[in-house]
There are 4 protein chains.
Amino acid sequence: MCSRPHPKAVRSGRLGRPRSTEADTAILHATRAALVELGWSKLTMGDVAIRAGVAKTTLYRRWASKSELVIDAVAVLFDELELPDRGSLMADVEGVVLQFATLLERPETRTALMAVVAESTRDEALRSRIRSAIVNRQKTLVLQGRARAQARGELPYEENAESAARNADLIFDVIAGAVVHRTLVSAEPVDQAWAHSFTTLLLSGLTSLRNS
Amino acid sequence: MCSRPHPKAVRSGRLGRPRSTEADTAILHATRAALVELGWSKLTMGDVAIRAGVAKTTLYRRWASKSELVIDAVAVLFDELELPDRGSLMADVEGVVLQFATLLERPETRTALMAVVAESTRDEALRSRIRSAIVNRQKTLVLQGRARAQARGELPYEENAESAARNADLIFDVIAGAVVHRTLVSAEPVDQAWAHSFTTLLLSGLTSLRNS
Amino acid sequence: MCSRPHPKAVRSGRLGRPRSTEADTAILHATRAALVELGWSKLTMGDVAIRAGVAKTTLYRRWASKSELVIDAVAVLFDELELPDRGSLMADVEGVVLQFATLLERPETRTALMAVVAESTRDEALRSRIRSAIVNRQKTLVLQGRARAQARGELPYEENAESAARNADLIFDVIAGAVVHRTLVSAEPVDQAWAHSFTTLLLSGLTSLRNS
Amino acid sequence: MCSRPHPKAVRSGRLGRPRSTEADTAILHATRAALVELGWSKLTMGDVAIRAGVAKTTLYRRWASKSELVIDAVAVLFDELELPDRGSLMADVEGVVLQFATLLERPETRTALMAVVAESTRDEALRSRIRSAIVNRQKTLVLQGRARAQARGELPYEENAESAARNADLIFDVIAGAVVHRTLVSAEPVDQAWAHSFTTLLLSGLTSLRNS
DNA sequence: TCATAAACGAGACGGTACGTCTTGTCTTTAG
DNA sequence: CTAAAGACAAGACGTACCGTCTCGTTTATGA
């Protein structure tokens with residue numbers, strides 16, 4: 001996707017030994033590996049450095065803190081979501097729900113997301129960094145799905161742009177929130193059946209829920 | 001509500017000096033205070049001990065880890081949710097959504113919930129502890145609301161018990177997930193307007209969303 | 001030998017349950033055992049209590065500190081020194097030197113003596129307790145040996161009582177000091193040969209030392 | 001005198017920040033100060049670190065235990081003993097006895113020596129460390145004094161080298177043992193009069209002791 | 001015989017120090 | 001000027017003992 005420049009990538013002059021790009025790759029990879037093995041709280045900078053075959057100084061030269069390093073390391077994991085045209089709004093929603101659920105089943109994603117969100121509850125700067133690096137990037141999926149449904153005639157066009165944006169946000173919160181809650185809090189699987197029930201509810205409302 | 005026994009509450013025999021219940025109260029209170037002031041990551045056991053006027057040993061005699069202590073400390077905060085009869089399903093849902101949002105606006109609740117969930121992504125024991133201490137306790141609200149709506153004739157009775165349980169779980173995940181995501185991830189307020197839009201969506205489905 | 005009353009043996013009235021003498025015995029025995037196994041610094045009151053099958057309270061009811069307990073426990077070990085008449089001053093000295101060395105070869109005695117002395121360097125009360133419980137008790141051996149030698153005509157009688165006492169102290173310090181230093185500091189064995197050389201030096205002076 | 005390398009002075013390669021020699025000096029100084037003020041048993045590593053203006057980790061990087069630290073800290077104190085030529089064997093011995101006694105009157109020396117010896121009774125490694133760092137270093141004084149006395153004709157030359165070494169050890173144990181016992185166990189002062197009596201006894205034997 | 005009073009076991013309590021670990025910085029040599 | 005290595009100050013961790021304090025129970029008197 002797009003390039004993510006380092007927060008500390010000042011690249012002031014042309015002088016001196018250039019930074020090793022291999023080190024960057026190794027560090028991010030080591031961070032993801034450590035996150036899976038140890039979890040957020042037991043992940044240490046020293047350990048990441050050793051795994052990456054790098055000095056601790058090199059880490060701190062590039063990232064200011066554990067949080068920022070981890071965000072950068074995991075952000076890329078969430079870029080794989082996409083919305084192929086499955087023919088109907090129903091199918092599109094079910095598809096993306098299952099795709100998201102699959103993503104959250106992987107330990108690194110699961111751990112990364114919640115840990116980063118948790119850490120962010122006390123730090124507005126971190127929170128907005130997460131939103132711009134991870135969350136907002138996925139909102140385009142909602143817009144894309146709605147446009148497609150409107151083209152198909154499944155949904156009406158909305159004249160009021162502001163209200164349209166609000167509705168998109170609401171739908172995003174409902175879909176993402178439900179999947180995350182089901183997966184991480186209730187700790188139940190998001191399978192075909194659940195995805196179907198959820199999509200039905202989303203499209204037709206509470207009264208549509210019937211025995212299945 | 002119901003009693004919450006300690007994880008380490010072996011209380012084997014009748015022998016020895018009994019554990020101080022005042023210490024318990026003081027520790028849980030101090031934990032909540034420290035959580036608000038410092039957040040999860042800067043909260044230390046030593047600090048909690050000092051605030052509670054208690055020795056560190058006393059903490060460790062009762063709780064095996066910071067996580068378990070914090071869970072026990074904050075679980076009680078979530079017991080204040082209730083579902084007064086507001087006359088219609090719509091009003092009931094809107095009411096509980098706003099109530100939940102208000103709860104999550106308080107820093108201790110917000111911090112505690114996410115931190116504890118994040119920590120739990122690596123520890124099944126912890127996760128189930130959270131579910132039994134916090135989450136499942138609130139599921140009764142869904143059951144209560146549904147029963148009331150059925151009595152009013154707003155919702156049909158479901159014959160299949162299993163399917164009814166599944167639907168209740170789904171609705172719980174959708175409501176809780178949406179509010180949590182809106183509040184903690186999107187970092188936008190859950191106000192009257194949002195609650196109304198969300199409730200409309202939940203009751204009538206996607207197609208019902210119109211400009212407002 | 002003589003009875004050693006407890007430091008805390010207040011025995012105020014006649015009322016109440018009398019202190020268990022079995023506990024006393026068990027505690028002192030356990031203390032000696034723990035001292036041998038663990039050494040002074042790793043010996044803990046709790047451990048002694050467990051070994052003795054006794055509550056910690058029972059220990060503290062009788063002894064104010066670890067030091068006092070250990071002193072009382074080991075004092076009895078040093079009471080076994082005696083001075084049988086071996087026919088000459090030379091034989092008497094050699095005999096007692098070897099006897100003392102044998103005593104110090106036993107781990108409990110060795111550990112106990114040095115630990116207690118070391119602890120005492122900062123506490124005059126403890127020091128005098130050690131002297132009266134252990135050290136001075138052995139000074140009679142010097143007096144006894146001198147009297148016997150004088151009776152044999154090996155040593156002259158001393159008219160000046162004060163000077164005689166000073167000399168006895170000097171001889172005690174030389175004998176005890178040399179054996180202790182050889183054993184505990186130089187960490188070399190006190191065997192027949194060394195005892196003979198030492199006794200020769202003590203009796204005849206430096207010039208008497210010849211190749212052997 | 002000679003250099004004393006650290007026990008943990010691995011100094012493997014040339015890489016990394018070198019250990020601060022100022023920290024070393026500060027730590028050893030702080031240790032001696034703390035030892036005088038608090039005594040062995042109340043001396044804590046944390047306190048030494050604070051006094052030295054150093055982190056606890058820095059202490060543990062260099063010394064494995066309190067014992068080893070204290071030994072290194074106090075070893076230098078015993079290097080001040082020397083044997084100026086006072087004209088006769090008698091005067092030389094008296095001089096060094098008084099010098100040694102003066103040394104042992106200083107609280108840090110007194111406390112350190114006994115505590116370290118006591119601690120060593122259970123640890124052969126520690127014991128040999130003490131011998132090489134403190135005790136054996138002083139044995140040269142005996143050899144020096146004997147050589148001088150032989151040159152003066154006060155003592156005969158010994159042909160048998162092995163026996164000569166044994167005699168030197170014996171004399172060392174007697175002098176050091178007597179002074180230490182008098183000072184630390186009997187807790188009586190080593191003054192001019194005692195030094196004179198002791199030297200007379202050592203040179204001429206028991207029979208030489210007369211009223212004075 | 002039964003009340004009284006002290007001693008008992010068990011174990012929780014407030015403290016203090018331990019030795020280890022992690023953080024983020026600093027200081028060296030090598031490239 | 002960066003890299004690797006590793007020492008540094010700071011401070012939290014969870015454990016181990018200390019000596020004290022409740023508890024409920026047991027064991028001798030002496031009223």
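We name chains A, B, ... by the order of the sequence lines, and we start the count at 1 in each one.
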Salt-bridge criterion met for B:Asp47 and B:Lys42 (N-O under 4.0 Å)
no

What is the distance, rounded to the nearest whole Å, between atom CZ of B:Arg51 and atom P of E:dG14?
17 Å

Just how far, in rounded Å, is C1' of E:dT16 from CD1 of D:Ile50?
12 Å

Within the structure, does a side-chain N or O atom of C:Arg62 lie under 4.0 Å from either OP1 or OP2 of E:dC8?
yes

Here the distance between atom C1' of F:dG19 and atom CH2 of C:Trp63, to the nearest Å, is 16 Å

How many angstroms lie between atom NZ of A:Lys56 and atom CG of A:Leu59, to the nearest 0.5 angstrom?
9.5 Å

State, to the nearest 10°, the angle formed by the axis through the first five base pairs of the helix from E:dT1-F:dA31 to E:dG31-F:dC1 and the axis through its last five.
10°

Whole-Å distance, B:Arg61 CZ to F:dT15 C1', equals 12 Å

Would you confirm whether B:Thr58, through its side chain, and B:Val54, through its main-chain N or O, come within 3.5 Å as a donor-acceptor pair?
no

For B:Ala55 and C:Thr58, take the nucleotide of DNA chain E holding the closest heavy atom to each; which residue's nucleotide lies nearer the 5' end?
C:Thr58

How long is the span from the CG atom in C:Leu43 to the NZ atom in C:Lys66, to the nearest 0.5 Å?
5.5 Å

Letter per nucleotide, 5' to 3', of nucleotides 17-23 of chain E [B base touched, S only sugar-phosphate touched, - untouched; heavy atoms, 4.0 Å]:
SSBBBSB

How long is the line joining CD of A:Glu22 and C1' of F:dA4, in whole Å?
15 Å

Do you know which two heavy atoms are closest between C:Arg51 and C:Leu38, and how far apart they sit?
NH2-CD1, 3.9 Å

Show me the donor-acceptor pairs within less than 3.5 Å that the side chains of residues 26-33 of chain A make with the rest of the protein, sequence neighbours left out.
residue : atom : partner : partner atom : Å
A:Thr31 : OG1  : A:Ile27 : O            : 2.7
A:Arg32 : NH1  : A:Ala73 : O            : 2.6

Taking every non-hydrogen atom, the tightest pair across A:Ala55 and A:Ala49:
C-CB, 4.2 Å

Euclidean distance, atom CG of residue A:Leu59 to atom C1' of F:dG6 [Å, nearest integer]:
15 Å

With a 3.5 Å cut-off and heavy atoms only, can you find an N or O donor on one side and an acceptor on the other between the side chain of D:Arg17 and the base of E:dC26?
yes

Got a salt bridge between B:Arg19 and B:Asp24, using NZ or NE/NH1/NH2 to carboxylate O under 4.0 Å?
no

So do D:Val74 and D:Thr109 actually touch side chain to side chain, heavy atoms under 4.5 Å?
no

